[in-house]
Amino acid sequence: MRVLVTGGAGFIGSEIVRTLASAGHHAVVLDALLPSVHGGPPAVPEDGDAERIVADVRDREAVDGALRGIDAVCHQAAMVGLGNDFADAPEYVGCNDLGTAVLLAAMAGAGVRSLVLAGSMVVYGEGRYDCPRHGTVRPGPRAVADLDAGRFEPRCPHCGAELAPGLVAEEAPTDPRNVYAATKLAQEHLTASWARATGGSAVSLRYHNVYGPGMPRDTPYAGVASFFRSALARGEAPQVFEDGRQRRDFVHVRDVAAANAVALEAVAGRGPGGFAAYNTGSGQPRTIGEMASALAAASGGPAPEITGAYRLGDVRHVTADSRRLRDELGWKPREGFAEGMAEFATAPLRETGPRAQGH
């Protein structure tokens with residue numbers, strides 16, 4: 001199978017290219033190779049025998065050319081993370097939503113009907129919560145006054161009781177709470193519209209917190225694992241926001257690449273099949289504090305510091321129920337938390353500039 005991987009030179013994209021090659025597929029990489037992502041002057045990375053096209057996914061002519069002879073598309077190109085402030089909104093919408101629209105329009109014209117989208121768990125907003133009195137509830141955004149006072153846990157919107165966090169399933173309502181999250185949900189809506197209009201088959205893999213070798217370093221657009229890893233490399237203690245008890249699902253990049261490979265096989269073999277979303281996580285919730293402590297211990301660095309600081313766009317808890325991906329597509333994560341963090345603690349990171357784009 002010939003697969004176009006947009007953003008295929010990025011953190012997750014390059015791992016997908018390697019995984020596809022090992023499974024006998026042929027990857028064509030479309031990547032802008034921005035210095036802000038890849039560090040230094042743009043250079044084509046050496047990833048096996050993959051063909052490479054240096055272009056922006058918003059360039060319709062380049063995308064048309066890249067789609068020639070392609071059987072399926074793996075769409076990873078995006079601007080990721082929370083960014084600096086709302087001034088980043090036009091860039092996020094341009095990269096993520098206009099880029100996706102251009103790609104989908106080109107696919108419709110080229111007759112390519114199989115797509116796997118890099119989705120995100122951020123579309124849910126807060127995760128699943130249960131109130132002892134009212135059952136499953138959806139708390140609203142946390143109040144600034146509560147955050148300033150160190151009251152980080154969401155409360156029941158009906159009675160104010162303390163809530164128990166649980167695993168969020170794909171049926172949960174979407175509730176994007178920052179610009180990046182809104183653009184990731186818009187990507188899914190565009191993809192679903194494309195599938196209906198063309199008879200195509202598409203899957204969105206809603207990535208949870210992806211980590212592993214090759215993560216971008218020292219940028220406000222990188223993941224928290226990268227921030228901690230960079231601090232430890234400088235001999236500094238990881239700075240943990242809030243009280244460190246925020247729950248996340250940390251999934252290794254090799255497991256995410258494997259999920260893309262099985263999803264591509266599924267959409268390519270399905271024929272007209274519409275759109276489906278799948279959580280892509282380890283299924284083993286951990287706290288931010290646990291992750292920071294694991295990295296510090298593995299690297300022999302200073303213990304994390306709990307700062308009490310917060311970012312208004314952050315959510316408190318969101319952890320995956322990935323059973324659907326296991327049951328329907330046969331994917332299973334293989335990288336354990338302790339082993340993965342021990343490897344990541346000393347793994348090389350990707351040098352970047354001030355604006356990081358691409359997964």
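Remark: side-chain polar atoms of S322 are not paired, donor with acceptor, to backbone N or O of L325 under 3.5 angstrom. Remark: the backbone N or O of D88 is not paired with any side-chain donor or acceptor of E91 at under 3.5 angstrom. Side-chain atoms of S120 do not come within 3.5 Å of backbone N or O of R206 as any donor-acceptor pair. Remark: side-chain polar atoms of S230 are not paired, donor with acceptor, to backbone N or O of F227 under 3.5 angstrom. Q239 places a side-chain N or O within donor-acceptor distance of the main-chain N or O of A237, the cut-off being under 3.5 Å. The backbone N or O of D255 lies less than 3.5 Å from a partner atom in the side chain of W331, making a donor-acceptor pair. In terms of modelled atom types and a separation under 3.5 Å, the side chain of S226 and the main chain of P216 share a donor-acceptor contact. With hydrogens and angles disregarded, a donor-acceptor distance shorter than 3.5 Å links the side chain of R350 to the backbone of G10.
For the residue pair V123 and A181, the shortest heavy atom distance occurs at CG1-O, 4.2 Å. Considering every non-hydrogen atom in both G281 and R326, the closest pair reads O-NH2, 4.3 Å. Residues V5 and A27 share a closest heavy-atom pair of CG2-CB, 4.4 Å. When all heavy atoms of F344 and G212 are compared, the closest pair comes out as CE1-O, 3.2 Å. Here the shortest heavy-atom pairing between A89 and V179 reads CA-CG1, 3.8 Å. The two residues G8 and D31 make their nearest non-hydrogen contact at N-OD2, 3.5 Å.
There is a path of hydrophobic side-chain contacts, each under 4.5 Å, that joins L232 to F250. Y207 and V267 fall within the same hydrophobic cluster, where Ile, Leu, Val, Met, Phe, Trp and Tyr residues are linked whenever their side-chain heavy atoms come under 4.5 Å apart, directly or through other members. F11 and F228 fall within the same hydrophobic cluster, defined by Ile, Leu, Val, Met, Phe, Trp and Tyr side-chain heavy atoms under 4.5 Å apart, directly or through other members. Hydrophobic cluster membership differs between V57 and V17, with clusters built from Ile, Leu, Val, Met, Phe, Trp and Tyr side chains linked at under 4.5 angstrom. Under the 4.5 Å side-chain heavy-atom criterion for Ile, Leu, Val, Met, Phe, Trp and Tyr, Y278 and V73 are members of distinct hydrophobic clusters.
S204 is listed as a side-chain neighbour of F275, based on a closest heavy-atom distance under 4.5 Å. Within the 4.5 Å cutoff, the side chain of V29 has no heavy atoms near those of the E51 side chain. Two residues are said to be in side-chain contact when any heavy atoms from C-beta on lie closer than 4.5 Å; E153 and D146 fail this criterion. The shortest side-chain heavy-atom distance between F241 and I288 does not fall under the 4.5 Å cut-off. Contact of the M215 side chain with the R229 side chain is not registered, since no non-hydrogen atoms from C-beta on lie closer than 4.5 Å. When side chains are defined from C-beta on, R155 counts as touching E162, because their heavy atoms get closer than 4.5 Å. Proximity of N279 to H208: side-chain heavy atoms (C-beta onward) are separated by under 4.5 Å at one or more points. Using a 4.5 Å cut-off on side-chain heavy atoms (C-beta onward), M291 and N209 make no contact.
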For residues 98-111, which side-chain donor-acceptor pairs fall under 3.5 Å, sequence neighbours excluded?
unit_1, atom_1, unit_2, atom_2, d
T100, OG1, H75, NE2, 3.0
T100, OG1, N96, O, 2.5
T100, OG1, Q187, NE2, 2.8

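If you take CZ on R323 and CD on E170, they are separated by 9.5 Å, rounding to the nearest 0.5 Å. With rounding to the nearest 0.5 Å, the separation of CE in M341 from OG in S293 is 11.0 Å. One distance of note links CD1 of I70 with CZ of R2; it measures 5.0 Å at 0.5 Å rounding. Considering OG of S193 and CD of E188, their distance stands at 11.5 Å, rounded to 0.5 Å. Atom-to-atom distance recorded for H134:NE2 and H158:NE2 is 6.0 Å, nearest 0.5 angstrom. Interatomic distance, L264 CG to D71 CG, rounded to the nearest 0.5 Å: 10.5 Å.
With sequence neighbours left out, E242 forms a side chain to side chain contact (heavy atoms under 4.5 Å, CB included) with R142, F152, Q246, Y310, R316. Considering only residues two or more places apart in sequence or on other chains, T136 meets the side chain to side chain contact (heavy atoms under 4.5 Å, CB included) condition with R128, D130. Residues forming a ring-ring contact (aromatic ring centres under 6.0 Å, His included) with H252 (at least two apart in sequence, or on another chain): Y211. Residues meeting the side chain to side chain contact (heavy atoms under 4.5 Å, CB included) test with L167, sequence neighbours left out: P285, T319, D321.
Cluster partners of L163 are Y129, V137, counting Ile, Leu, Val, Met, Phe, Trp and Tyr whose side-chain heavy atoms approach within less than 4.5 Å, directly or via other members.
More than 12 non-hydrogen atoms from other residues, nucleotides or ligands lie less than 6.0 angstrom from CZ of R138. Remark: E171 CD is packed, more than 12 non-hydrogen atoms of other residues, nucleotides or ligands lying under 6.0 Å away.
Remark: of the listed residues N178, T174, V122, V122 is the sole one forming a side-chain contact (heavy atoms from CB on, under 4.5 Å) with K184.
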Exercise for the section: Take L205 and V256 through the side chain to side chain contact (heavy atoms under 4.5 Å, CB included) test and state the conclusion after the steps. Expected result: CA-CA 9 Å; L205 296 176; V256 169; over 6 Å; no
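For the residue pair S282 and D249, a side-chain donor N or O sits within less than 3.5 Å of a side-chain acceptor on the partner.
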